[in-house]
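All of these numbers come straight from a predicted model, not from anything done at the bench.
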Amino acid sequence: GINAEYGYQAGIYLFMAVHGSFPPHEANIELDLACNYTSPEIHVFAYRTHAHNYATMISGYLEHNNTWALIGERDPNLAEMFVSTYSILPVSPGDTLYARCKYNTTTTNKTVVIGNTHNDEMCNLYLMYYIDSSLVNSVKGTCTNQQKFVVPQPNVHWWEPYAQNKLMLVLLAVIVMLVVCCPIWYCCRNYFCPSRSYYKRPNDGFEKLFTPDDDEEEDEILYKSYKHSY
């Protein structure tokens, strides 16, 4: 376990919105929080979300050296519990922590207000971390700075959307097979099964007289008659 016996202690880093209001009949409302981390290094390994009636998703992000990582995201209407992060995330001094709460107010006719009672809406994200026991009291564990942010989109190669489409992959494979196999089949057919043709040579040039059909006996008779006439 994470306790003083092993030199570590667990703690909670809390994102909490303290003010704000949302108009009714809006399907996609976002409330953002962002804080620069200045305390000793912590290691985040679990998270929990909390909101009330109108929240649809709460997400957390870490920015380290201009590289972003998703800490986790969860619908706060699901059972409230700590959920393990995708991996243990070290948070160092100079990093930035972000939280985003999304709301849908299409079911109400009144303004929704952020507050600290059950009648109000909330935006809470709890990050559970472990830290060296000697530094546990040095962590500033609350972020209330409401600030908009933009999550950078990863670079997507032109072929990635097609690679995710199974039907497109099958069609591409068929096209490649046709492009590659048809010329090979044509060359092999002409090499192993050539068509017979008969020519005469007047005036030092070739003049095609007859290309035989499938009736070889008739072709031979016609060929001899042409040969005799010349």
Side-chain angles (χ1 to χ4, degrees), residues 1-22 29-105 112-152:
I2 300 171
N3 54 48
E5 180 181 352
Y6 297 97
Y8 298 100
Q9 281 188 270
I12 298 293
Y13 187 95
L14 171 63
F15 290 94
M16 179 175 62
V18 295
H19 63 84
S21 61
F22 314 127
I29 300 172
E30 295 181 349
L31 188 157
D32 292 348
L33 298 103
C35 286
N36 294 322
Y37 185 77
T38 57
S39 301
E41 183 177 80
I42 59 176
H43 293 79
V44 177
F45 62 92
Y47 66 96
R48 180 169 75 90
T49 61
H50 176 75
H52 290 164
N53 298 328
Y54 303 102
T56 59
M57 186 65 67
I58 298 178
S59 308
Y61 301 90
L62 166 67
E63 182 186 7
H64 175 76
N65 291 337
N66 296 319
T67 300
W68 287 62
L70 176 65
I71 298 173
E73 58 183 3
R74 184 174 171 85
D75 183 345
N77 296 294
L78 299 175
E80 289 197 27
M81 63 180 71
F82 276 96
V83 179
S84 297
T85 56
Y86 300 112
S87 61
I88 296 177
L89 296 170
V91 182
S92 305
D95 293 347
T96 306
L97 291 166
Y98 303 91
R100 169 168 289 165
C101 296
K102 294 184 178 181
Y103 303 90
N104 184 331
T105 62
V112 177
V113 179
I114 293 290
N116 56 6
T117 75
H118 69 278
N119 294 319
D120 302 318
E121 189 52 89
M122 289 188 172
C123 175
N124 292 352
L125 175 63
Y126 303 83
L127 304 182
M128 184 176 288
Y129 62 86
Y130 67 84
I131 187 173
D132 186 291
S133 298
S134 64
L135 301 173
V136 67
N137 294 323
S138 302
V139 177
K140 181 183 178 182
T142 305
C143 175
T144 59
N145 179 46
Q146 294 177 210
Q147 175 183 324
K148 295 292 293 182
F149 63 87
V150 177
V151 180

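Using a distance-only test at 3.5 Å, with no hydrogens or angles considered, a donor-acceptor pair links the side chain of Ser39 to the main chain of Lys140. Without hydrogens or angle criteria, Tyr130 side chain to Ser133 main chain gives no donor-acceptor distance under 3.5 Å. Here the side chain of His52 pairs no donor or acceptor atom with the backbone of Asn119 at under 3.5 angstrom. Side-chain atoms of Asn77 come within 3.5 Å of backbone N or O of Ala55 as a donor-acceptor pair.
Put simply, the side chain of Leu14 does not reach to within 4.5 Å of the side chain of Leu125, judged on heavy atoms. Residues Ile42 and Tyr37 are in side-chain contact: their nearest non-hydrogen atoms beyond the backbone lie under 4.5 Å apart. Side-chain contact check for Tyr61 versus Ile71: every heavy-atom pair is 4.5 Å or farther apart. For the pair Val18/Ile114, no side-chain contact is recorded, criterion being any heavy-atom separation below 4.5 Å from C-beta on. Side-chain contact between Leu62 and Asp95: present, with at least one pair of heavy atoms (C-beta onward) separated by less than 4.5 Å.
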Evaluate the ring pair (Phe, Tyr, Trp, His ring centres under 6.0 Å) criterion for residues Tyr13 and Phe15: first the C-alpha distance (whole Å), next the side-chain angles of each, then the deciding distance (0.1 Å), finally the verdict.
-> CA-CA 7 Å; Tyr13 187 95; Phe15 290 94; 5.5 Å; yes

Is there a side-chain contact (heavy atoms from CB on, under 4.5 Å) between Glu30 and Lys148 once you walk through the steps?
-> CA-CA 9 Å; Glu30 295 181 349; Lys148 295 292 293 182; 3.7 Å; yes

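Rounding to the nearest 0.5 Å places CD1 of Ile29 at 9.5 Å from OG1 of Thr56. Here OG1 of Thr142 is found 11.5 Å from CG of Leu33. Values are rounded to the nearest 0.5 Å. Atom CE of Met16 and atom SG of Cys143 lie 10.0 Å apart (nearest 0.5 Å). Atom-to-atom distance recorded for Arg100:CZ and Cys123:SG is 10.5 Å, nearest 0.5 angstrom. The CG atom of Asn145 lies 5.0 Å from the SG atom of Cys35; values are rounded to the nearest 0.5 Å. Rounded to the nearest 0.5 Å, atoms CZ (Phe22) and CD (Glu121) are 7.0 Å apart.
Residues Asn36 and Thr96 bring a donor and an acceptor atom of their side chains to less than 3.5 Å of each other. In the model, Asp132 has a side-chain atom that pairs as donor or acceptor with a side-chain atom of Ser134 under 3.5 Å.
Remark: aromatic rings of Tyr129 and His43 are distant, center separation not under 6.0 Å. Ring centroid separation for the pair Tyr54 and Tyr103 does not come in under the 6.0 Å cut-off.
For Phe149 against Asp32, the heavy-atom pair with the smallest separation is N-OD2, 3.3 Å. Across Ala34 and Tyr98, no two heavy atoms sit closer than the pair CB-CD2, 3.5 Å. Taking both residues in full, the closest heavy atoms of Phe45 and Ile88 are given as CB-CG1, 4.1 Å, listed atom of the first, atom of the second, then distance. Closest heavy-atom contact between Glu41 and Ile131: O-CG1, 3.5 Å. Taking each heavy atom of His19 and Leu31 in turn, the nearest pair found is O-CD1, 4.3 Å. Here the shortest heavy-atom pairing between Gly60 and Leu70 reads O-CD1, 3.3 Å.
Listed by first and then second residue, the salt bridge (Lys or Arg N to Asp or Glu O under 4.0 Å) pairs that reach into residues 63-89 are Arg48-Glu80, sequence neighbours excluded.
Considering Ile12, Ile58, Thr49 in turn, Ile12 is the only one that fulfils the side chain to side chain contact (heavy atoms under 4.5 Å, CB included) rule with Tyr126.
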